[in-house]
Amino acid sequence: LSVKGNLAWNPALSWQAEVNGSHLNPSLFLADWPGDFTVNLTTSGHIDPHGLAASLQVPALQGTLRGFPLAGNGELHLQGNQLHIPQLVLKSGNSALRISGQAAETIDFSLQLESNNLAELWPGARGKVIAHGRVTGKPDKPQLDFKCTGNNIAVDGDGAQKLTIEANGSLARDGVLDASVRAERVQLGHINMNLSRLQLKGSLHDHRLEFEGQSSEFTTGFILQGNFNDTLWQGTLSQSHFTSDRLGDWRQRQHTPLTLSRERAEIKSVCLTSSATSALCMNGSWQGSDSTWQMHGAVNSLPLNLLQTVSTHNWPLEGRLNADIDLTGQQSRILSGKLSSNSNGMSLHIPLADGGTHQVIWRKNTLLATYAENRLQAVLDNELSDNSMVHADWALANFQFSADNILSTPMNGSIQFRIHDLSPLTVLTDQKIYLSGALHGQFTVNGTPGSPLLNGQMELVNGQAEIPPLGITL
């Protein structure tokens with residue numbers, strides 16, 4: 001990289017320079033952007049009582065970037081409060097970005113982006129995009145006209161088969177802007193949507209955002225109404241809903257206030273209800289001064305059959321789940337937490353080989369877990385109507401919330417169980433082994449979750465295992 005030119009201070013500040021760079025490689029700073037290109041540019045200008053006058057010319061940019069041919073050129077001129085860009089072109093492969101326009105007493109800028117292969121523009125991307133935009137009008141009340149269409153777009157596996165983005169209106173603080181995003185055949189992780197629509201209309205002082213999503217399994221949506229004054233945004237969340245054949249119809253019945261600024265953010269309690277008693281609720285806040293946050297969630301009278309997987313639908317589960325969770329943290333780290341849950345009227349109907357059913361009824365089913373000062377503790381209590389029971393408690397010290405850490409963190413605890421009837425465990429063998437008898441025991445638990453060490457004793461009373469496919473009884 002070489003620079004040569006002149007700089008003068010008298011009678012006014014002025015400059016003239018030529019910059020030449022060769023074999024430039026952005027991967028020295030951005031690992032995903034290896035390249036080898038040459039760029040030449042010249043700049044000149046001066047500052048006098050009439051203001052700043054400057055120009056920049058890039059006659060040639062050539063080479064490769066991320067394995068694609070790279071080319072570009074352009075120029076820019078500034079005279080006082082007047083800006084003129086005759087042409088600015090950047091090409092990567094067959095993809096091209098073009099910008100031109102001027103700003104003085106009026107504004108007129110245009111932008112064009114055309115790409116048949118987004119991989120030429122961004123690592124891990126694919127698809128086709130065409131975008132056209134124009135900004136016109138007075139500097140204090142610019143008008144935007146923008147449209148972008150895309151096909152088979154994806155970035156790192158997430159994307160949409162068809163995408164349309166449109167925006168029209170004023171960019172002024174009190175101007176009205178109408179913008180929309182429509183995506184078809186969307187994939188985001190494990191979520192597949194047939195259609196998603198996002199609509200924004202209004203000004204900074206009063207705007208409304210609506211979202212609707214549809215898939216083969218569910219529909220969902222919400223409305224966000226808000227206003228922005230100085231550095232504070234305030235709004236309300238309403239009409240949130242989620243409906244599916246398996247999980248039912250969940251809807252937000254009351255508006256939820258929200259606030260957002262650089263100093264703090266808060267969402268009051270938002271609840272989705274599916275009946276007179278079932279509800280899912282959460283609220284939370286964040287403080288910018290120390291980047292701390294807190295959240296609370298609650299599950300009220302959730303039908304347990306909603307938690308069943310497809311493979312367990314043949315074993316009807318009845319009852320209601322209640323749970324509360326509280327978390328505090330700083331940035332991305334969880335500092336403390338508490339989870340408590342219990343189920344009311346819990347029972348499981350297990351189908352038998354003779355066509356009948358065996359009903360397991362829980363008298364008590366609770367879980368209490370706490371986390372503080374990097375220590376996780378949990379206590380599980382289960383009691384059945386026949387006086388069978390399972391009690392477990394364990395603790396993990398120096399615990400961090402990551403998959404690797406969970407499996408390798410030292411733990412200690414104990415398990416006590418008294419099972420008077422083993423026949424319900426037949427469900428764990430997919431009805432291939434019929435068990436009977438009673439089982440009593442207790443163990444201490446050490447080691448790690450990835451390699452637990454059990455020490456204790458267990459007693460089997462009148463135990464029997466029948467394996468009909470093999471004609472064997474043990």
Side-chain angles (χ1 to χ4, degrees), residues 177-184 186 188-229 232-261 264-287 293-308 319-329 337-344:
L177 180 69
D178 192 347
S180 65
V181 179
R182 177 186 173 93
E184 300 177 18
V186 179
L188 296 173
H190 297 292
I191 300 176
N192 294 294
M193 305 287 291
N194 295 333
L195 178 64
S196 296
R197 292 190 297 261
L198 191 66
Q199 183 79 35
L200 173 65
K201 188 170 184 178
S203 65
L204 281 176
H205 294 300
D206 185 11
H207 46 264
R208 179 183 177 96
L209 178 71
E210 297 185 25
F211 171 76
E212 289 288 339
Q214 303 173 8
S215 79
S216 59
E217 298 179 352
F218 64 86
T219 61
T220 186
F222 64 83
I223 294 177
L224 200 60
Q225 186 87 32
N227 62 82
F228 187 82
N229 292 305
L232 177 65
W233 181 87
Q234 294 179 299
T236 58
L237 177 67
S238 65
Q239 299 186 38
S240 302
H241 62 89
F242 179 92
T243 304
S244 77
D245 291 338
R246 191 174 78 84
L247 300 178
D249 186 23
W250 294 81
R251 295 186 177 274
Q252 180 186 359
R253 308 298 181 186
Q254 296 180 336
H255 290 196
T256 298
L258 301 95
T259 58
L260 178 64
S261 70
R264 65 185 180 93
E266 183 179 16
I267 177 171
K268 298 293 187 180
S269 182
V270 54
C271 293
L272 295 181
T273 61
S274 69
S275 66
T277 57
S278 298
L280 304 174
C281 302
M282 68 85 63
N283 62 71
S285 64
W286 168 83
Q287 295 294 327
W293 53 268
Q294 66 85 25
M295 66 86 62
H296 171 76
V299 177
N300 298 321
S301 196
L302 179 71
L304 289 172
N305 61 352
L306 298 184
L307 305 179
Q308 288 188 280
R320 300 271 176 167
L321 174 68
N322 300 291
D324 285 278
I325 183 170
D326 290 281
L327 295 173
T328 66
K338 180 179 180 180
L339 168 67
S340 61
S341 70
N342 67 82
S343 57
N344 297 325

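By convention here, the first residue in the shown sequence is residue 1.
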Heavy-atom closest contact ([X] atom, [Y] atom, distance):
X: Pro257; Y: His255; result: CD-O, 3.8 Å
X: Leu321; Y: Leu307; result: CD2-CD1, 4.0 Å
X: Ser343; Y: Leu304; result: CB-CD1, 4.2 Å
X: His241; Y: Thr220; result: O-OG1, 2.9 Å
X: Val186; Y: Ser196; result: CG2-OG, 4.2 Å
X: Thr256; Y: Ser269; result: OG1-O, 3.3 Å

Rounded to the nearest 0.5 Å, what separation is found between the [atom1] atom of [X] and the [atom2] atom of [Y]?
X: Cys271; Y: Leu280; atom1: SG; atom2: CG; answer: 8.5 Å
X: Ser301; Y: Asn344; atom1: OG; atom2: CG; answer: 7.5 Å
X: Trp233; Y: Ser261; atom1: CH2; atom2: OG; answer: 12.0 Å
X: Met193; Y: Ser216; atom1: CE; atom2: OG; answer: 10.0 Å
X: Leu237; Y: Ile223; atom1: CG; atom2: CD1; answer: 9.5 Å
X: Leu258; Y: Glu266; atom1: CG; atom2: CD; answer: 9.0 Å

List the residues meeting side chain to side chain contact (heavy atoms under 4.5 Å, CB included) with Gln225, not counting sequence neighbours, and say none if there are none. Asp206, Arg208, Thr236
Those residues that, when tested against Arg253, pass side chain to side chain contact (heavy atoms under 4.5 Å, CB included) (two or more places apart):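 So Arg253 forms a side chain to side chain contact (heavy atoms under 4.5 Å, CB included) with Arg251, Thr273.
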Between [Y] and [X], do the side chains contain a donor N or O and an acceptor N or O under 3.5 Å apart?
X: Glu217; Y: Ser244; answer: no
X: Gln199; Y: Asp178; answer: yes
X: Thr243; Y: Asp249; answer: yes

Step through the shown structure and confirm whether more than 12 heavy atoms of other residues, nucleotides or ligands are within 6.0 Å of CD1 on Ile191. no
Surrounding CG of Asp245 (heavy atoms of other residues, nucleotides or ligands, distance under 6.0 Å), is the total greater than 12? no
List in chain and number order the residues that pass ring pair (Phe, Tyr, Trp, His ring centres under 6.0 Å) with Phe228, two or more places apart in sequence or in another chain; answer none if no residue qualifies.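 None.
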So, do [X] and [Y] sit near enough that their side-chain heavy atoms are less than 4.5 Å apart?
X: Leu209; Y: His207; value: no
X: Thr259; Y: Arg264; value: yes
X: Leu195; Y: Arg182; value: yes

Would Arg197 and Gln214 satisfy side chain to side chain contact (heavy atoms under 4.5 Å, CB included), going step by step from the backbone distance to the final call? CA-CA 9 Å; Arg197 292 190 297 261; Gln214 303 173 8; 4.1 Å; yes
Side chain to side chain donor-acceptor pair (under 3.5 Å) for Ser240 and Gln252? Distances and angles first, verdict last. CA-CA 5 Å; Ser240 302; Gln252 180 186 359; 2.8 Å; yes
Quick one: which of Phe218, Phe211, Trp250 gives a ring-ring contact (aromatic ring centres under 6.0 Å, His included) with Phe242? Phe218
For Leu302 and Arg320: C-alpha separation, side-chain torsions, deciding distance, then whether side chain to side chain contact (heavy atoms under 4.5 Å, CB included) applies. CA-CA 5 Å; Leu302 179 71; Arg320 300 271 176 167; over 6 Å; no
Please determine which of Gln294, Lys338, His296, Met295 meets the side chain to side chain contact (heavy atoms under 4.5 Å, CB included) test together with Leu327.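 In the set Gln294, Lys338, His296, Met295, the residue that makes a side chain to side chain contact (heavy atoms under 4.5 Å, CB included) with Leu327 is Met295.
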